[in-house]
Amino acid sequence: MLELRHRGVGPGPGGAGAPPPPEGVAAGGDHEAESTSDKETDIDDRYGDLDSRADSEIPEIPPSSDRTPEILKKALSGLSSRWKNWWIRGILTLTMISLFFLIIYMGSFMLMLLVLGIQVKCFHEIITIGYRVYRSYDLPWFRTLSWYFLLCVNYFFYGETVADYFATFVQREEQLQFLIRYHRFISFALYLAGFCMFVLSLVKKHYRLQFYMFAWTHVTLLITVTQSHLVIQNLFEGMIWFLVPISSVICNDITAYLFGFFFGRTPLIKLSPKKTWEGFIGGFFSTVVFGFIAAYVLSKYQYFVCPVEYRSDVNSFVTECEPSELFQLQSYSLPPFLKAVLRRERVNLYPFQIHSIALSTFASLIGPFGGFFASGFKRAFKIKDFANTIPGHGGIMDRFDCQYLMATFVHVYITSFIRGPNPSKVLQQLLVLQPEQQLNIYKTLKMHLIEKGILQPTLKV
């Protein structure tokens, strides 16, 4: 409304540039319009003041202490802060990658525990920010309820996983059968108890703030627990669906940082001033090449390509199977422009390598927006990092902000373009049925195979 006034549209009937009132309209209509416009302006100004006041009232969170090991500080004491940070980040990155390789060697169960540990730590970092920002209000039960809801949601998701992939094991344990049969009801009852506890904890002078923090907790659960559940679902499809996406994001983080560090000149986005177009583009091409090569190497081994299954007879996870066509070499005809460059008509590739291009492209072009989102979040609360867990890197959430977005994409990609009927999962579901139901399915399947000509009908003597 103020913009219209500056342009010469007067609020009254005689204002400069105002059109004459139409016939039959009394002057009072103009006064009514003027009154309405003033009210709208007052409302806009009032809400604008509230927004600015809310931003200004966010308390400053004290910066995290430096947790860099003393031996590193002494070794790098003669360098500038820029190069000191470069070396610290590099050394810690190599250390984390080495530990990651060790956990991969230890098997899929350890990878699941790693995902669970990262989920809990990320949840802790985000909830801690909320607690620090609003701790002066002394909200009752905020942290207790936050951790209780984390427990409830994890119970629900991991219970669903147990029901899907551990059916044969559950069938042997009578107590587990009860928990699985009524799993969703138990989960809902647990959540309902937390909901009632929250309502009973409401304090008159803090209603709005308590609902803010209730929403804060649930959004944090959506970001951390749901995504980590999808990561584990991807892992059960085959370790390669876990490793290639995660390593692509790691590769993009490293190469984008290196290209930006040495060649960066053009700022990419205001939310993250240190990000540059040079790093963004360099990271993209490096990640696509890395993903293509990693897919070729991993596709050779059953350990990485076979779905992760629980074998009750050996009481452990196994990765043994006949690799699907996705992980068998196929001959492809090259496009004309590549024929001239490579001087070859055809090339042998694993079909998964073609899928890896889509995964790497998402990791390098869309994945960074998870980081930009996290940067905006940190700016909103005037903090540099989510925590100081990893020297030179910040918190765990600082390193996995892009991974959560990637996990959702991979899960959607698998369900949309890759996944077909899973015989092992169907068999596990059949084993849970009653004997009469199993016998009916057997007869129906036998008749179907006879009609198809796969089985010969039995002769009655």
Evaluate side chain to side chain contact (heavy atoms under 4.5 Å, CB included) for F400 paired with T224, printing each intermediate quantity in order.
CA-CA 10 Å; F400 288 89; T224 56; over 6 Å; no
Does the ring-ring contact (aromatic ring centres under 6.0 Å, His included) test come out yes or no for F178 and Y182, once each step is laid out?
CA-CA 6 Å; F178 173 82; Y182 301 105; 5.1 Å; yes
Could you please spell out the steps behind the side chain to side chain contact (heavy atoms under 4.5 Å, CB included) verdict for L113 and F109?
CA-CA 6 Å; L113 291 181; F109 182 71; 3.6 Å; yes
Could you go through the side chain to side chain contact (heavy atoms under 4.5 Å, CB included) check for V231 and H411 one step at a time?
CA-CA 8 Å; V231 171; H411 185 75; over 6 Å; no
Starting from the C-alpha separation in whole Å, work towards a yes-or-no answer on ring-ring contact (aromatic ring centres under 6.0 Å, His included) for F377 and F381.
CA-CA 7 Å; F377 179 88; F381 292 94; 5.1 Å; yes
Is there a side chain to side chain contact (heavy atoms under 4.5 Å, CB included) between L359 and W241? Walk through the geometry before answering.
CA-CA 10 Å; L359 300 178; W241 291 104; 4.0 Å; yes
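In plain terms, the two heavy atoms of P267 and W277 that are nearest each other are O-CD1, 3.3 Å. Between S299 and A295 the shortest heavy-atom distance is OG-O, 2.6 Å. Between L342 and L334, the shortest heavy-atom distance links the atoms CD1-CD1, 3.9 Å. In this structure, S286 and C251 approach most closely via the heavy-atom pair O-SG, 4.1 Å. Of all heavy-atom pairs spanning S201 and L145, the tightest one is OG-CD1, 4.2 Å. Here the shortest heavy-atom pairing between I232 and V115 reads CG1-CG1, 4.1 Å.
Checking F123, F198, Y191 one by one against F149, the ring-ring contact (aromatic ring centres under 6.0 Å, His included) holds for a single residue, Y191. Each of T220, T226, V219 was evaluated against I223; a single residue qualifies, V219, per the side-chain contact (heavy atoms from CB on, under 4.5 Å) test. When each of Y296, F292, F327 is paired with Y350, the ring-ring contact (aromatic ring centres under 6.0 Å, His included) condition holds for Y296 and for no other.
Put simply, CD1 on I414 and CD on Q233 are 9.5 Å apart, with the number rounded to the nearest 0.5 Å. Note that the OH atom of Y332 and the CG atom of L338 stand 15.0 Å from one another [nearest 0.5 Å]. From I281, atom CD1 reaches atom OG of S364 across 11.5 Å, with rounding to the nearest 0.5 Å. Distance check: M239 CE to T319 OG1 gives 6.0 Å after rounding to the nearest 0.5 Å. The structure places CZ of R379 at 10.5 Å from NZ of K270, a figure rounded to the nearest 0.5 Å. For the atom pair CZ (F236) and CD (E309), the distance works out to 10.0 Å, reported to the nearest 0.5 Å.
Among pairs with a residue in residues 395-414, those fulfilling salt bridge (Lys or Arg N to Asp or Glu O under 4.0 Å) read K378-D398, at least two apart in sequence or across chains.
Aromatic ring pairs are classed by plane angle as parallel below 30°, tilted from 30° to 60° and perpendicular above 60°; the pair W86 and F261 is tilted. Taking the six-membered ring for Trp and thresholds of 30 and 60 degrees, H183 and Y155 have ring planes inclined between 30 and 60 degrees apart. The aromatic rings of F259 and F263 sit tilted relative to each other, their planes meeting at an angle between 30° and 60°. F409 and Y413 have tilted rings, their planes meeting at an angle from 30° to 60° on a 0 to 90° scale.
Using modelled atom types, one side-chain atom of N234 and one backbone atom of L230 make a donor-acceptor pair closer than 3.5 Å. Judged purely by atom type and a 3.5 angstrom limit, S360 has no side-chain atom pairing as donor or acceptor with the backbone of I357. With Q302 contributing its side chain and P323 its backbone, the two residues share no donor-acceptor pair below 3.5 Å. A donor-acceptor contact shorter than 3.5 Å links the side chain of E278 to the backbone of R265. Between the side chain of S228 and the main chain of V225, a donor-acceptor pair closer than 3.5 Å is present. Listed for the Q403 side chain is no donor-acceptor partner under 3.5 Å among the backbone atoms of V249. Between the side chain of W216 and the main chain of I126, a donor-acceptor pair closer than 3.5 Å is present. Of the possible donor and acceptor atoms, one in the side chain of E125 sits under 3.5 Å from a partner among the backbone N and O of M397.
Contact check for L221 versus L150: side-chain heavy atoms found under the 4.5 Å cut-off. With contacts defined as side-chain heavy-atom distances shorter than 4.5 Å, the pair F188/F156 does not qualify. The shortest distance between side-chain heavy atoms of L365 and F284 falls below 4.5 Å. Residues Y404 and L222 have side chains not in contact (no heavy-atom distance under 4.5 Å, counting atoms from C-beta outward). The shortest side-chain heavy-atom distance between H124 and F386 does not fall under the 4.5 Å cut-off. When side chains are defined from C-beta on, F195 counts as touching F214, because their heavy atoms get closer than 4.5 Å. Taking 4.5 Å as the limit, some side-chain heavy atom of I97 sits within range of a side-chain heavy atom of I254. Looking at V244 and H355, their side chains never come closer than 4.5 Å, going by heavy atoms from C-beta outward.
Atom CE of M106 is surrounded by 12 or fewer heavy atoms from other residues, nucleotides or ligands within 6.0 Å. When the shell of 6.0 Å around CH2 of W87 is examined, it contains 12 or fewer heavy atoms from other residues, nucleotides or ligands. Within 6.0 Å of the CZ atom in F369, the count of heavy atoms belonging to other residues, nucleotides or ligands does not exceed 12.
Residues forming a salt bridge (Lys or Arg N to Asp or Glu O under 4.0 Å) with K274 (at least two apart in sequence, or on another chain): none.
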